[in-house]
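Reading through the C-alpha cells given below for one structure.
All ligand and atom numbering here is 1-based and tracks the order in the structure. Basis for what follows: all heavy atoms, side chains included, without hydrogens, waters or symmetry-related copies.
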Amino acid sequence: MNKKQKRWRNRIIIALALFAAAFGLEESGLLAALFGTPGDVYASFALFLVPYLVAGHKTLLEAARNIRRGDPFDEAFLMSVASLGAFAMVLFPETEPHMAEGAAVMLFYQVGELFQSYAVGQSRKSIAAMMDIAPEYANVEKDGRLVEADPAEVAVGETIVVKPGERVPIDGVVTDGVSQLDTAALTGESVPRHVEPGSEVISGCVNMTGVLRVRTSKPYGESTVARILELVENASEKKARTENFITRFARVYTPAVTLSALALAVIPPLVGMGAWSDWILRGLTFLVVSCPCALVISVPLSFFGGIGGASRLGILVKGSNYLELLAHVDTVVFDKTGTLTSGTFNVVAIHPETGVDPDYVLSMAAHAESFSDHPIAVSVRAAYSGQIDRGRIAEAREESGHGVSALVNEHLVLVGNDKLMAEHGAAWHDCDLTGTILHVTVDGEYVGHIVIADVVKDDAEEAVRDLHAAGVRRCVMLTGDRQDVAEAVAGRLGIDEVHAQLLPQDKVDAVEHLLAGEKDGARLAFVGDGINDAPVLMRADVGVAMGAMGSDAAIEAADVVLMDDRPSKIAQAMRVARKTMRIVWQNIVFAIGVKVLILLLAAFGIANMWLAVFGDVGVAMIAILNAMRCMRTE
Ligand code: ADP
Ligand code: MG
C-alpha cells in the first residue's frame with residue numbers, strides 16, 4: 001500500500017470504530033435515557049454523522065464537484081444521494097431512523113473503493129515488474145575511466161561496461177568478456193544466455209557472471225528496453241470492445257437507475273400505494289444496489305491483469321482489444337523465414353558454373369549482400385570467411401522477395417531467386433537439392449548458385465500442435481521461398497496449408513483471401529518477423545511479431561510482440577487471452593445477476609439497505625479478486 005492508501009485505510013478504520021461506538025450507544029438505550037424522545041434521534045443523528053463524514057467527505061465533495069461540472073452520474077453520486085437520503089429520513093419522525101444505514105453505505109463503499117485501488121496498484125506493480133527493466137545508469141568508458149551516465153545520453157558506438165548484477169542499459173555488441181545473461185525479465189525464459197565477444201546483447205537483461213564491455217549499437221531511445229516500456233505504457237489506451245461497452249453502459253445505466261429510483265420513491269405513494277417514507281427508502285436501497293462499481297472496475301482490471309500476465313511470459317500485448325481478438329483466433333498464418341525457422345541459413349552447397357571458383361561465387365554473393373538485413377544476407381556473410389570491404393560496393397539495392405543487386409568493384413552482381421533472374425533476363429540452372437537457391441550473376445554472366453537451408457526452430461512443431469489443440473482450425477504458412485522447401489518444412493510441422501513463392505504483395509493478397517474466407521466472429525492472426533511482411537502484420541486481425549530478431553518496423557506494425565521469438569508463445573498468448581475473456585464475462589454475468597436479484601428484492605421491499613450495501617461491496621470485492629486471477633499464469 002502506498003502512503004495515500006494507508007491514510008485512507010486509517011481513516012476508514014477510525015470511521016468504523018466511531019460507527020461501532022455510535023451503534024453500541026444507540027442500541028444500549030443510553031441515548032434514550034439521556035435525551036428522552038425525540039432527543040435521542042437527534043443525538044444518534046449527530047453520532048452517526050461523524051463516522052459518515054470522516055469516511056465520506058471526499059466522496060461527497062467529488063459528487064458535488066461533478067454536479068457543478070454538469071456530469072453528475074457516477075458511483076460517487078449514487079452513494080452520496082443514497083446515504084444523504086438515508087440521513088434525511090429523519091424528517092419522517094413517525095418512521096424508524098436510518099442514520100446507521102446511511103453511514104454504513106458510505107463506510108462500506110469506501111472499503112470497496114480502497115480495495116479496488118489496492119487491486120489496481122497490485123496489477124500495476126506486476127506490470128511495473130516489467131517496468132523494472134528500466135536501467136538507471138550506464139557505465140561509460142571515457143579515456144580508460146568509468147563514468148556513470150544517464151543511458152539516454154550515451155551515443156552510439158561508445159563503450160559501456162556492464163558489471164555482474166547490473167542490467168544492460170543499451171543494446172550493443174560485446175567487445176570483451178564472457179558472461180551469462182538473465183533474460184527472464186524480457187522473455188519470461190529462465191535459461192541464462194551465454195554471451196562472448198561478438199554476441200549481441202539487448203538492454204533489460206541482467207548480467208550475471210562476468211564483466212562485459214559492450215559497444216552500443218543503438219541510442220537508448222531505440223533500445224529494446226525503451227521500446228518495451230513505451231509499448232507497455234501505451235497498452236492501456238487501446239481498449240477492448242467489452243471495455244468500451246462497459247464504459248458506455250455505465251454512462252447510460254447510472255442516469256437510468258437514478259430516474260428509476262426516483263420513480264420508485266415518488267410514483268407509488270402518489271397513487272396512494274403506501275407511505276412516503278417506505279417508498280423513499282426503497283428508492284434509496286435501489287440506488288445503492290444498482291451502483292455499477294463491480295463492473296466499472298473489474299472489467300478493465302481483468303484486461304490489465306491479462307496484459308500483465310502475458311508480459312510475464314515475454315509476450316507484449318499492445319492493448320486489451322488485441323487480447324479480445326486473440327481469444328477468437330481460429331486461423332494462424334505464419335511467415336516461414338525467421339518465424340518458423342530460425343532465420344540462420346547454412347550453406348548446403350555451392351554449385352559454380354564450369355571453370356568458376358566456388359569461393360568466387362560466395363565472395364561475390366557476400367559482397368552484394370553486405371548492406372542487406374535479410375536473414376539470407378546475414379547468413380551468406382557469415383559463411384564467407386574473407387573480409388568485406390564495403391568501400392568497394394556501390395548502388396546496393398534490395399528487391400524484396402527477389403534478392404539484391406550491387407556494384408562490386410564496378411561489376412554488377414545479382415543475387416537472388418528465379419524471379420530476380422527472370423526479371424533481369426539472366427539465364428540460370430535449376431538445382432535438384434531441396435533448399436533455398438541463390439543464383440549469382442556477374443555483369444549478366446551466370447556464375448553459379450548457392451544452396452542454403454534454414455533450420456526449423458525447436459519449438460515450431462510444438463507451436464503448431466498446441467494451436468491445433470487450442471482449437472485453431474487452420475495453420476497456414478506463407479513464404480517467398482521455393483515450393484519444395486516450403487512443403488518440406490510444412491510437412492514436418494503439421495501445417496495445414498502452404499503458399500510458396502510469394503512476393504510481399506502476394507502475401508497481403510493471400511491474407512486478404514484467407515480473411516474473406518473467415519467465419520463470422522473468427523479472427524486471423526499473422527505471425528512474422530517483419531522482414532518483407534510488415535504490411536501483412538498490419539492487415540491481419542492480430543499481427544504478431546518476433547521481438548528479438550524482428551525488425552523495428554515489425555515491432556511497430558505488430559499488435560503482439562513475442563520477446564523471445566518462440567512461435568510456441570502464440571498458443572500461450574491465446575490461452576491468456578481466453579482466460580481473460582472468460583473472467584471478464586464471469587464478472588459481467590455475476591455482477592449483473594446479483595444486482596438484478598437484489599434490485600428486484602429491493603423494489604418489492606424485501607431487501608433492506610443493509611443487504612444492498614453488503615451486496616454491492618461484496619460483489620465488487622469478489623469481481624476484483626476474480627479479475628486479479630488474470631495476472632496469474634500457469
Ligand atoms: P519468407 O517469406 O520466407 O520470409 P522473403 O519474402 O523474405 O521470404 O524472401 C523470399 C525469397 O526472396 C527468398 O527465399 C529468396 O529466394 C529471395 N530473397 C529475399 N531477400 C533476399 C536476399 N537478401 N538475398 C537473396 N535472396 C533473397
Ligand atoms: Mg520473412
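Residue contacts with ligand 1, taken as heavy atom pairs separated by less than 4.0 Å, do not involve K419 at all. Counting heavy atoms closer than 4.0 Å to ligand 1, residue L438 contributes side-chain atoms (C-beta onward) but none from N, CA, C or O. Residue contacts with ligand 1 for T436 involve side-chain atoms from C-beta outward but no N, CA, C or O (heavy atoms, distance under 4.0 Å).
The nearest non-hydrogen atom to atom 24 (N) of ligand 1, considering only H499, E369, K336, R482, comes from E369. In the candidate list D335, L478, I376, I452, I376 is nearest to atom 13 (C) of ligand 1, counting heavy atoms. Residue nearest to atom 12 (O) of ligand 1, selected from A486, G480, G401: G401 (by heavy-atom distance). Closest heavy-atom approach to atom 17 (C) of ligand 1 among the candidates H374, H402, Q501, K507: H402.
A distance of 9.5 Å separates CG in L340 from OG1 in T479, rounded to the nearest 0.5 Å.
Between M574 and the choices V542, D466, V329, the side-chain contact (heavy atoms from CB on, under 4.5 Å) rule is met once, by V329.
A salt bridge between K336 and D481 is present, with a side-chain N of the basic residue lying under 4.0 Å from a carboxylate O of the acidic one.
Within ligand 1, counting atoms from 1 as listed, the ones closer than 4.0 Å to a heavy atom of D481 are 14 (O). Close approach of ligand 1 to S372 is summarised as follows: ligand atoms under 4.0 Å from at least one heavy atom of the residue are 23 (N). Residue E398 has at least one heavy-atom neighbour below 4.0 Å for each of these atoms of ligand 1: 23 (N). Those atoms of ligand 1 with a heavy atom of N417 less than 4.0 angstrom away are 11 (C), 12 (O), 15 (C), 16 (O), 17 (C). Proximity to V404 (heavy-atom distance under 4.0 Å) selects the following atoms of ligand 1: 23 (N).
R482 CZ: more than 12 foreign heavy atoms inside a 6.0 Å radius. Open room surrounds CE on M538; 12 or fewer heavy atoms of other groups in view lie less than 6.0 Å from it.
Applying the side-chain hydrogen bond (donor to acceptor under 3.5 Å, both in side chains) rule to D459 yields the partners S568; only residues at least two apart in sequence or on another chain are considered.
Judged by the 6.0 Å distance and 45° axis criteria, R539 is not positioned over the aromatic ring of F526.
Residue pairs that meet the side-chain hydrogen bond (donor to acceptor under 3.5 Å, both in side chains) test with at least one member in residues 357-373, sequence neighbours left out, are S372-E398.
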